[in-house]
Each structure stands twice: as C-alpha cells, then as structure tokens.
Peer 1: 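The structure's right below; bear with me while I get my questions together.
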Amino acid sequence: MSAATYPVRVDAAPDRPLSRWLWLVKWLLAIPHYVVLALLWPAFAVLSVYAFFAILITGEYPRPVFAFNVGVLRWTWRVQYYAYGALGTDRYPPFTLADVPGYPAHLEVAYPARLSRGLVLVKWWLLALPHYLVAGLFAGAALTLRTPAPVPDRPPAAWTGGRIVAVVAGVLLGLAAGGLVTGGAAVMRLDHARDAAGYVSAPARLLTTDGYALVGEQLDLHGAATARTLRSVLGDVRIEVVSARAGTPVFAGVAPAAAGIWTAQVSGAGPRTLALPVAEGSWRVVVMNADGTGTVQATARASARLPGLGRVASALLAAGGAAFAAAVVLVAVPVARASARRPRTRRP
C-alpha cells in the first residue's frame with residue numbers, strides 16, 4: 001500500500017437482483033449475529049483499553065489485539081451490509097472474524113508498524129470530534145471499488161473459535177468480578193458505618209397521620225425455623241422514634257397482631273428506642289402521641305446488628321478477586337497464543 005493510501009478500506013459490491021420480500025425478515029435472520037456481536041463488542045472495548053496502554057508505553061498496537069478488533073469491525077460491517085445498514089446482499093453473513101473473499105462486503109485495516117505515544121492520549125476524543133459530528137449526521141457506509149489488499153509482513157494472528165469464546169467469557173467474567181468487588185466494598189462500608197452500640201441503621205423517615213396512631217404493616221414470621229434464620233441474619237432489631245414536634249412525648253409499642261398486649265413499649269419525650277422481637281408470630285408496631293391525642297407526626301428509623309456483614313463483605317471480595325484472576329487468564333492466554341508465530345510450511 002502506498003503512503004498516500006488511507007490504511008482503512010471498507011467496500012462492498014451490491015448484489016443484483018435482490019429478493020423483494022427477504023428484507024421483511026432479515027431482522028429475524030440476523031438475530032444470531034446480533035447475539036454474538038453483543039458479546040464481542042464488550043471484548044472489543046476491553047481489548048481497546050489494553051491496546052491504549054500498550055501504545056502509550058511501547059508505541060505499538062499488539063498484533064493479536066489488532067487482529068481481534070479489526071475482526072469485530074469486519075463482522076459488524078458484514079451484518080450491517082446484509083441487514084438494515086445497507087440491505088446490499090441476500091447472502092447470509094459468515095460467522096468469523098476473518099475476511100471471506102467470496103462475500104460481497106469487506107473491511108481491511110493495514111497494521112500500523114509504529115504509532116505515536118502522545119497522540120494516543122488525544123486523538124480518540126479531541127482530534128476525532130469533527131469526525132464524530134459528521135458521522136452522526138451522515139450515518140451509513142460508503143461503497144468503493146475493491147483495491148488490492150495490503151500484504152501483511154507475517155501470517156495474521158490465529159483467532160480460533162475457542163479463543164474468541166475464551167476472551168468473551170473472560171471479559172464477561174471480569175465485569176462480574178467488578179460487580180462482586182463493588183458489592184463487597186459497599187457491604188464493608190456498611191459494616192463500618194455501625195453506631196456506638198453496633199447497629200446498622202436505615203435512613204430516618206417522617207411518618208404522619210391525622211388519626212390517633214401510626215400502625216405499621218403486619219410482619220408475619222411463620223414457623224420457628226424461619227424466625228431463627230431471620231434472627232441469625234438480622235441479629236437484634238430496634239426502632240428509634242421521636243416526635244416531630246419538639247418536646248412532645250411519644251409512645252411506641254410492639255404487640256402480636258391478634259392481641260392487644262404489648263410485648264415491648266417505650267414512651268417519653270425525645271428519641272425513644274424500641275426493641276423489636278424477631279420471633280415466630282405476627283407483629284405490628286404502633287406509634288402514638290403519649291397523651292392519646294390525634295394527628296401523629298414522628299420520625300422513625302429502624303436498625304439491626306447484622307452480625308454477618310463482615311463475612312458477606314469478605315466473601316464477595318474474595319469471589320470478586322478469584323473471578324478477576326480467572327478473567328485475566330481467560331483473556332491473556334488466548335491473546336498470547338494468538339500472537340505466537342505460526343510455522344510456515346516448507347515445500348520440498
């Protein structure tokens with residue numbers, strides 16, 4: 001390829017004649033490709049980040065990553081040309097990253113022997129902004145006559161189906177690992193947000209009614225085993241209530257739903273803390289003005305000891321770390337094997 005030729009070449013040859021009716025169902029026929037591309041593009045994004053740092057450090061685009069990313073672009077172009085990006089052919093697109101000479105749509109990118117380390121920091125966003133604007137206005141593809149493809153200086157990287165699957169699985173596993181680590185960090189932060197008594201509290205809520213009492217929803221704990229399991233998870237549970245009117249005494253109590261006998265109760269001015277039973281039965285929490293007058297306004301906040309938070313956080317972080325390590329292996333091994341030179345066959 002001459003120095004004046006742009007390294008990216010996208011071309012296609014429209015088929016004649018085209019089916020008059022096939023275009024109505026191409027969206028359905030292309031679904032398998034859409035599913036595969038939905039898995040390939042996250043891998044494309046992750047490997048592009050890897051290529052960014054590789055170029056920044058070495059000034060070179062790793063060949064196996066380059067071959068994979070160009071293959072994803074090529075595959076996408078073939079599907080677009082077949083389906084509603086162009087509707088230029090009725091020939092079903094092949095499932096491969098490689099170029100298929102007999103297919104009417106092609107995409108080739110000449111491998112860059114050397115890239116600027118500095119430009120990689122700005123060309124993908126600042127220098128490309130005018131192109132992004134134009135591409136947004138003129139979405140579509142330009143068709144050109146085919147020209148001779150550039151000849152690589154060595155055999156292309158071998159991206160087999162198994163290696164592609166491994167990279168995609170590694171990327172998806174890496175995303176899952178990120179979710180596990182994020183969840184573990186959030187649980188750990190919650191575990192460290194305990195008050196002086198060791199409780200983890202929910203945000204306070206302002207409750208109000210024009211009646212004489214605020215009655216909570218009925219909590220049903222059927223079976224002793226269910227109650228024991230819930231207690232092992234929640235630990236001690238309490239609710240703190242305070243009247244929204246400064247200095248006004250408040251009453252709070254908890255009782256079985258079918259009986260009028262208070263299992264626990266507190267009253268008085270200022271914040272009051274009521275211990276809630278985590279035991280078999282049906283329970284209701286009631287909040288009233290201590291003098292029994294109507295129009296009750298109170299702020300309530302539930303809290304629990306949650307004794308297992310630390311273990312949950314550790315488990316999530318450990319699982320995330322293991323998943324991330326496995327993701328690195330699933331991505332790194334296929335990339336390394338795809339970068340190995342394939343021996344040339346010598347003719348006798």
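Keep in mind that the numbers below use all heavy atoms, side chains included, and drop hydrogens, waters and symmetry copies.
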Peer 1: Are V167 and L330 close enough, and set up right, to give a side chain to side chain contact (heavy atoms under 4.5 Å, CB included), and what steps lead you there?
Peer 2: CA-CA 6 Å; V167 168; L330 284 171; over 6 Å; no

Peer 1: Just checking R189: does its CZ atom have more than 12 heavy atoms from other residues, nucleotides or ligands closer to it than 6.0 angstrom?
Peer 2: no

Peer 1: Looking only at non-hydrogen atoms, find the nearest pair between V278 and A227 and report the distance.
Peer 2: CG1-O, 4.0 Å

Peer 1: Mind checking the CZ-CG spacing from F324 to L173? Nearest 0.5 Å is all I need.
Peer 2: 10.0 Å

Peer 1: If you measure from the Lys or Arg side-chain nitrogens to the Asp or Glu carboxylate oxygens, is any gap between R245 and D291 under 4.0 Å?
Peer 2: no

Peer 1: From L207 CG over to T299 OG1, what is the distance, rounded to the nearest 0.5 angstrom?
Peer 2: 7.5 Å

Peer 1: Is the OH atom of Y212 crowded by more than 12 outside heavy atoms at less than 6.0 Å?
Peer 2: no

Peer 1: Search all heavy atoms of A279 against all heavy atoms of W283 and return the closest pair with its distance.
Peer 2: O-NE1, 3.1 Å

Peer 1: Roughly how far, to the nearest 0.5 Å, is the CD atom of E240 from the CG atom of D195?
Peer 2: 9.0 Å

Peer 1: If you take all heavy atoms of V285 and L276, which pair is closest and at what distance?
Peer 2: CG2-CD2, 3.8 Å

Peer 1: Can you name the residues that form a salt bridge (charged side-chain N to carboxylate O under 4.0 Å, His left out) with R272, not counting sequence neighbours?
Peer 2: none

Peer 1: Without swapping roles, check the side chain of Y92 against the backbone of A30 for a donor-acceptor pair under 3.5 Å.
Peer 2: no

Peer 1: Does N289 reach the main-chain N or O of G292 with its side chain, forming a donor-acceptor pair under 3.5 Å?
Peer 2: no

Peer 1: For this output row, return yes or no: ring centroids of F251 and W262 closer than 6.0 angstrom.
Peer 2: yes

Peer 1: For the ring pair Y111 and Y61, is the centre-to-centre distance below 6.0 Å?
Peer 2: no

Peer 1: Run F44 and V171 through side chain to side chain contact (heavy atoms under 4.5 Å, CB included) and show every step you take.
Peer 2: CA-CA 9 Å; F44 177 95; V171 170; over 6 Å; no

Peer 1: Answer with yes or no whether the hydrophobic clustering places L121 together with L115; edges join I, L, V, M, F, W, Y residues whose side-chain heavy atoms lie under 4.5 Å apart.
Peer 2: yes

Peer 1: Could you check whether atom CH2 of W41 has more than 12 heavy atoms from other residues, nucleotides or ligands sitting under 6.0 Å from it?
Peer 2: yes

Peer 1: Just checking Y50: does its OH atom have more than 12 heavy atoms from other residues, nucleotides or ligands closer to it than 6.0 angstrom?
Peer 2: no

Peer 1: If only atom types and distance count, is the side chain of Y81 paired as donor or acceptor with the main-chain N or O of A13 below 3.5 Å?
Peer 2: yes

Peer 1: I'd like to know if R74 pairs up with E108 as an ion pair, taking the criterion as any Lys NZ or Arg NE/NH1/NH2 lying under 4.0 Å from an Asp or Glu carboxylate oxygen.
Peer 2: yes

Peer 1: Using 0.5 Å steps for rounding, measure from the OH atom of Y103 to the OH atom of Y82.
Peer 2: 7.5 Å

Peer 1: Say whether, by atom type as modelled, one donor and one acceptor occur between the side chain of R91 and the main chain of G102 under 3.5 angstrom.
Peer 2: yes

Peer 1: Has R20 got more than 12 heavy atoms of other residues, nucleotides or ligands less than 6.0 Å from its CZ?
Peer 2: no

Peer 1: Restricting to non-hydrogen atoms, name the atom on L119 and the atom on S116 that form the minimum distance, rounded to 0.1 Å.
Peer 2: N-OG, 3.1 Å

Peer 1: Taking L172 as the starting point, is it possible to reach V181 by hopping between hydrophobic residues whose side chains are less than 4.5 Å apart?
Peer 2: no

Peer 1: Donor-acceptor pair, distance only, cut-off 3.5 Å: does the side chain of W75 make one with the backbone of F95?
Peer 2: no

Peer 1: Quick one: does R238's side chain have a donor or acceptor within less than 3.5 Å of a partner on S303's backbone?
Peer 2: no

Peer 1: Would a hydrophobic clustering, with Ile, Leu, Val, Met, Phe, Trp and Tyr connected at side-chain separations under 4.5 Å, put V70 with I55?
Peer 2: yes

Peer 1: For the residue pair D90 and K26, what are the closest heavy atoms and their distance?
Peer 2: OD1-NZ, 3.1 Å

Peer 1: Could you tell me whether the side chain of R205 and the main chain of A300 form a donor-acceptor pair under 3.5 Å?
Peer 2: no

Peer 1: Would you confirm whether W159, through its side chain, and P64, through its main-chain N or O, come within 3.5 Å as a donor-acceptor pair?
Peer 2: yes

Peer 1: With a 3.5 Å distance limit and no angle check, can you tell me whether R194 reaches the backbone of R305 through a side-chain donor-acceptor pair?
Peer 2: yes

Peer 1: Once rounded to the nearest 0.5 Å, what's the spacing between atom CG of D220 and atom CZ of R284?
Peer 2: 8.5 Å

Peer 1: For V168 and V36, what are the C-alpha separation, side-chain angles and deciding distance, and is it a side chain to side chain contact (heavy atoms under 4.5 Å, CB included)?
Peer 2: CA-CA 10 Å; V168 171; V36 175; over 6 Å; no

Peer 1: Please report the interatomic distance CG(L107) to CG(L73), rounded to the nearest 0.5 Å.
Peer 2: 6.0 Å

Peer 1: Are the side chains of E60 and R114 in touch, meaning some heavy atoms are under 4.5 Å apart?
Peer 2: yes

Peer 1: Please name the pair of heavy atoms, one in L40 and one in I164, separated by the smallest distance, quoted to 0.1 Å.
Peer 2: CD2-CG2, 3.5 Å

Peer 1: Using the rule given for side chain to side chain contact (heavy atoms under 4.5 Å, CB included), can you reason through L274 versus V241, listing the C-alpha separation, both sets of side-chain angles and the distance that settles it, and then say yes or no?
Peer 2: CA-CA 8 Å; L274 174 69; V241 295; over 6 Å; no

